[in-house]
Protein chains: 2
Amino acid sequence: MKKTSEATALTSLILEVFRLNGQLLSQGNRLTEPLGLTSARWQVLGSIKLAGHPISVAQAARRMGLTRQAVQRVANDLETLGFTRFENNPDHARAKLIVPTAKGRDALELIEKRQIEWSNKLAKGINTSLINNAVELFGELHDRCNKMETTPIEA
Amino acid sequence: MKKTSEATALTSLILEVFRLNGQLLSQGNRLTEPLGLTSARWQVLGSIKLAGHPISVAQAARRMGLTRQAVQRVANDLETLGFTRFENNPDHARAKLIVPTAKGRDALELIEKRQIEWSNKLAKGINTSLINNAVELFGELHDRCNKMETTPIEA
DNA sequence: TATTAGTTGACAATACATTGTCAAATTGAC
DNA sequence: GTCAATTTGACAATGTATTGTCAACTAATA
């Protein structure tokens, strides 16, 4: 079987995703490190704020596209470090809610300010619709990947 | 400071990169697992083939945008598992060359066949130039990120 | 109500990647 | 040739994420 032109382009894109992912994590760590945070901790903290209300670990994991185990570990770290606390969930005895503390909210706010400067600088002069096309493409690939998950490789 | 429209779009893209990165790694693991490989091992093995000749760990790391330590670990695993061996480098006493064994070449060939099917399926019907635009955008972001590295966050 | 299926947190094993540091090897300037 | 700067592999510490499994909880259904 031969690779289609789309597939060839896609393979290049995938390699770029790996490279950029590493770079972005590194940048995020640099950005958040002075506050005792990391890229992963920041992302979890941000997902709570983005949700608009406290959510459980499993809910946060689904929003971020990670396993709940990965998020659980980070959420526990955040609690230990005092950025969040767990609050009883009236609707579910096991699934406690992640609630940012004042320390967590302050840290997030400061980081978001810095992230604005950083992203403005990084994005300066790039065509917005070019970026949005990529976002859309990624959403499509995301959905398609999900569908592939269910189709195991036949030996 | 306010976030520009490009920066807002870029932030969305970054979150998509994180999501897709995880999904792709997962797919790669699934694809390579029956052969005793993983996404990372596959990538290192592939980078040797892509180079066209045996290269050192540090060279492979630069090509992939990873630290040499990360690649070293994976390269050692590959050797232990018999997919590669280290060969003396006439030009450098320390920097041995990673050389795929027959087992390694066979495994890579089989995976590449499966990857063709997989990527053809995933990319089917997507506009090639849309993908290529994204690749180009990522290259640009990659370069810009590198320049940001040198500019530390001022406290 | 009872049973069953799905969700959730906890725990463990494994893999992946970063930063930092050290010593050996290489390279380049002098 | 000598010495300093760089490169490279080795080792350690830390953080991130996956899969798998189990028990507790929840929800749906008969």
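The chains referred to below are lettered A, B, ... by the order of the sequence lines, with proteins before strands, and numbering in each begins at 1.
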Pairwise distance CG(Asn133(A)) to CD1(Ile131(B)) - rounded to 0.5 angstrom: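 Spacing of CG (Asn133(A)) from CD1 (Ile131(B)) equals 12.5 Å.
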Give the rounded distance in Å between these two atoms: [atom1] of [X] and [atom2] of [N].
X: Leu97(A); N: dT8(C); atom1: CG; atom2: P; result: 12 Å
X: Met64(B); N: dT18(C); atom1: CE; atom2: C1'; result: 15 Å
X: Arg30(A); N: dT19(C); atom1: CZ; atom2: C1'; result: 14 Å

Touch class at under 4.0 angstrom, heavy-atom based, for Leu25(A) against every strand present: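 Answer is nothing: Leu25(A) stays at 4.0 Å or more from every strand.
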Stepwise side chain to side chain donor-acceptor pair (under 3.5 Å) test for Lys3(B) and Thr11(B): CA-CA 10 Å; Lys3(B) 203 179 266 196; Thr11(B) 301; 3.2 Å; yes
Does [X] pair with [Y] as a salt bridge, N-O distance under 4.0 Å?
X: Arg114(B); Y: Glu112(B); value: no
X: Arg144(A); Y: Glu140(A); value: yes
X: Asp143(A); Y: Lys147(A); value: no

Start and end of chain A contact along DNA chain D [non-hydrogen atoms, under 4.0 Å]: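 Nucleotide range in contact with chain A: dG15(D) to dT26(D).
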Test side chain to side chain donor-acceptor pair (under 3.5 Å) applied to Thr32(B) and Thr38(B), step by step: CA-CA 6 Å; Thr32(B) 56; Thr38(B) 63; 5.7 Å; no
Phe86(A) six-ring face occupied by Lys96(A) cation (under 6.0 Å, within 45°):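 Output no; distance or angle outside limits.
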Working for side chain to side chain donor-acceptor pair (under 3.5 Å), residues Asn76(A) and Gln72(A): CA-CA 6 Å; Asn76(A) 290 344; Gln72(A) 184 77 53; 3.3 Å; yes
Strand-adjacent residues in residues 38-56 of chain B, judged by heavy atoms under 4.0 Å from DNA chain C: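 DNA chain C contact set from residues 38-56 of chain B: Thr38(B), Ala40(B), Arg41(B).
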Pair Phe138(A) and Phe138(B), ring centroids less than 6.0 Å apart: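 Between Phe138(B) and Phe138(A), which both carry aromatic rings, the centre distance is below 6.0 Å.
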Close approaches to DNA chain D from residues 67-92 of chain A, in residue order (heavy atom, under 4.0 Å):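 Within this stretch, Thr67(A), Arg68(A), Gln69(A), Ala70(A), Arg73(A), His92(A) sit under 4.0 Å of the strand.
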Glu136(B) CD: over 12 foreign heavy atoms closer than 6.0 Å: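 Count not over threshold, so no.
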Cluster link Leu97(B) to Phe83(B), ILVMFWY, side chain under 4.5 Å: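 Leu97(B) and Phe83(B): separate clusters.
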Phosphate OP1/OP2 of dT8(C) contacted by Arg62(A) side-chain N/O (<4.0 Å):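 So the side chain of Arg62(A) is within the cut-off, an N or O lying under 4.0 Å from OP1 or OP2 of dT8(C).
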